[in-house]
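Have a look at the structure below before the remarks.
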Number of protein chains: 2
Amino acid sequence: MMINERTSLDQTYAALADPTRRAILAYLRNGPATVTRVAAPFEMSLHGVSKHVRVLERAGLIEREVRGRQHFLHLCATPLEEATEFTEHYRAFWEARLGAMAEHVENKHLESQRNTSKPKRPIKKRGASSQ
Amino acid sequence: MMINERTSLDQTYAALADPTRRAILAYLRNGPATVTRVAAPFEMSLHGVSKHVRVLERAGLIEREVRGRQHFLHLCATPLEEATEFTEHYRAFWEARLGAMAEHVENKHLESQRNTSKPKRPIKKRGASSQ
DNA sequence: ATCATATTCAACCGATTGGTTGAATATTGC
DNA sequence: GCAATATTCAACCAATCGGTTGAATATGAT
């Protein structure tokens, strides 16, 4: 079937997952700027930055206004609202968690500092090695 | 050189950029669950889901507690805090924008409705076609 | 018209991703 | 011990990504 209908949320997060692109967004908070201007601080070629800009644009995070030969980019923050909405659901979760488990975590922390090599319960933490 | 030092933010957003993984996170808000349990609603193979779980784990969004032959997954929301912190910077931006430019936008909107084929300024909006 | 500037388009490359399958591991139940 | 269960590991594949380069486009300045 291969329906390539990526959600806007998909695109938003994917766009945000790159440091160059986040830097571009951060820069644009100070107001609109041309592509070359935005590209200046990066070691990467202008072409490279141009591609990043394109990604941000397709994600709807920025907009482009072509004036003469230069393209002025400006933030277009609305899609971030959707993204924040998603993560916001978790705020409740972790606030509750951090509140209720505060002392418990503290205990655990001290405990694990004491005996790192000999856990109480058979908790094998296997994670995140290769790939 | 090839320094593959992806920021945690990179990993957080990248992990969030997939609907399957967001669904897993959403499911885990109702409490811990095993991998098979989490995998159930998806058409994808268990192996596939397992890989998604791994991604979430590496991003620090979930944690795994192996008890016997089953792996219990639970949310671990703290990295989202960092992510929210990033997007939060934009909240100020767009709130100001939406406030201050409200009437201006309205004017522009009406204006562009009036003369879509004959813009006042040479603003070519070219965006987001291929790739 | 010509040349420099600002930018994209197109092709390419190696690395990563999202998914599959088949085999391995560890645990539980008989 | 043996079979079923829960899960990963490893190899593979096509698609995408992040970057490069070279050529094309459009505009601006002389």
Side-chain angles (χ1 to χ4, degrees), chain A residues 1-7 10-11 13-24 32-40 42-59 62 64-73 121-131, chain B residues 1-7 10-11 13-24 32-40 42-59 62 64-73 121-131:
Chain A
M1 243 190 195
M2 198 52 211
I3 301 174
N4 197 2
E5 195 194 325
R6 284 196 107 179
T7 311
D10 286 23
Q11 290 189 93
Y13 280 129
L16 253 27
D18 184 280
T20 306
R21 289 195 288 261
R22 285 198 305 275
I24 292 174
T34 67
V35 177
T36 20
R37 188 70 188 281
V38 153
F42 301 103
E43 304 237 324
M44 182 182 341
S45 75
L46 176 63
H47 301 63
V49 175
S50 175
K51 279 179 86 170
H52 281 300
V53 165
R54 159 69 50 105
V55 172
L56 289 168
E57 195 184 9
R58 294 196 59 187
I62 66 174
R64 174 196 311 262
E65 183 182 328
V66 180
R67 221 184 298 183
R69 57 183 162 179
Q70 36 199 1
H71 298 197
F72 287 88
L73 312 171
R121 279 228 233 103
I123 295 177
K124 251 183 289 177
K125 182 89 151 300
R126 30 202 217 92
S129 53
S130 62
Q131 219 253 43
Chain B
M1 245 193 195
M2 198 52 212
I3 301 175
N4 198 359
E5 196 193 328
R6 282 195 107 179
T7 312
D10 286 24
Q11 290 188 93
Y13 280 129
L16 253 27
D18 183 281
T20 305
R21 291 195 287 262
R22 285 198 304 275
I24 292 175
T34 67
V35 177
T36 21
R37 188 69 188 283
V38 153
F42 301 104
E43 304 236 325
M44 185 183 338
S45 75
L46 176 62
H47 302 62
V49 175
S50 176
K51 281 179 84 170
H52 281 300
V53 165
R54 158 71 48 108
V55 172
L56 289 168
E57 195 183 9
R58 295 197 58 187
I62 66 174
R64 173 196 312 260
E65 183 182 329
V66 179
R67 221 184 297 184
R69 58 184 161 181
Q70 34 200 0
H71 298 199
F72 287 88
L73 312 171
R121 280 227 234 99
I123 294 178
K124 250 184 288 175
K125 180 90 150 297
R126 31 190 211 105
S129 53
S130 66
Q131 218 255 50

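Residue numbering restarts at 1 for every chain, and letters A, B, ... go by the order of the sequence lines.
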| query | Within the structure, does a side-chain N or O atom of A:Ser50 lie under 4.0 Å from either OP1 or OP2 of C:dT8? | reply |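 Checking C:dT8 against A:Ser50, a side-chain N or O does come within under 4.0 Å of OP1 or OP2.
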
| Would you say C:dG18 has OP1 or OP2 under 4.0 Å from some side-chain N or O of B:Arg21? |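 Checking C:dG18 against B:Arg21, a side-chain N or O does come within under 4.0 Å of OP1 or OP2.
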
Nucleotide N/O of nucleotides 19-23 of chain C paired with protein N/O under 3.5 Å:
residue: C:dG19; atom: OP2; partner: B:His52; partner atom: NE2; Å: 2.1
residue: C:dG19; atom: N7; partner: B:Lys51; partner atom: NZ; Å: 3.0
residue: C:dG19; atom: O6; partner: B:Lys51; partner atom: NZ; Å: 2.1
residue: C:dT20; atom: OP1; partner: B:Ser45; partner atom: N; Å: 3.4
residue: C:dT20; atom: OP2; partner: B:Ser45; partner atom: N; Å: 3.1
residue: C:dT20; atom: OP2; partner: B:Ser45; partner atom: OG; Å: 2.9
residue: C:dG22; atom: O6; partner: B:His47; partner atom: NE2; Å: 2.8

Rounding to a whole Å, what distance do you find between [X]:[atom1] and [N]:[atom2]?
X	N	atom1	atom2	value
A:Arg37	C:dT7	CZ	P	12 Å
B:Gln70	D:dA4	CD	P	19 Å
A:Arg54	C:dA10	CZ	P	10 Å
A:Leu16	D:dC17	CG	P	15 Å
B:Gln11	C:dT16	CD	P	12 Å
A:Phe72	D:dA26	CZ	P	20 Å
B:Arg69	C:dT25	CZ	C1'	13 Å
A:Tyr13	D:dC17	OH	P	18 Å

| Would a distance-only check, ignoring hydrogens and angles, find a side-chain to backbone donor-acceptor pair under 3.5 Å from B:Arg22 to B:Leu16? |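 Yes: the side chain of B:Arg22 pairs with the backbone of B:Leu16.
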
| query | With no hydrogens and no angle check, is any side-chain donor or acceptor of B:Arg21 less than 3.5 Å from a backbone partner on B:Ala14? | reply |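 Flag set: sc B:Arg21 to bb B:Ala14 pair under 3.5 Å.
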
| For the helix from C:dA1-D:dT30 to C:dC30-D:dG1, what is the angle between the axes at its two ends, each from 5 pairs, rounded to 10°? |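 End-to-end axis angle: 20°.
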
| query | Should B:Val53 and B:His71 count as side-chain neighbours, where that means a heavy-atom distance under 4.5 Å? | reply |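 Contact flag for B:Val53/B:His71 side chains = no.
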
| message | Rounded at 0.5 Å granularity, tell me how far CG in A:Leu56 sits from NZ in A:Lys51. | response |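 Interatomic distance, A:Leu56 CG to A:Lys51 NZ, rounded to 0.5 Å: 13.5 Å.
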
| field | Atom pair CZ/CG of B:Arg37 and B:Leu73 - distance to nearest 0.5 Å | value |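 Rounded to the nearest 0.5 Å, the CZ-CG separation comes out at 12.0 Å.
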
Which heavy atom of [X] sits nearest a heavy atom of [Y], and at what distance?
X	Y	answer
B:Tyr13	A:Ala17	CB-CA, 3.6 Å
B:Met44	B:Val49	SD-N, 3.8 Å
B:Ser50	B:Val35	CA-CG1, 4.5 Å

| message | Run the side chain to side chain donor-acceptor pair (under 3.5 Å) test against B:Thr20 and tell me which residues pass, sequence neighbours left out. | response |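 In terms of side chain to side chain donor-acceptor pair (under 3.5 Å), with neighbours along the sequence ignored, B:Thr20 is linked to B:Asp18.
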
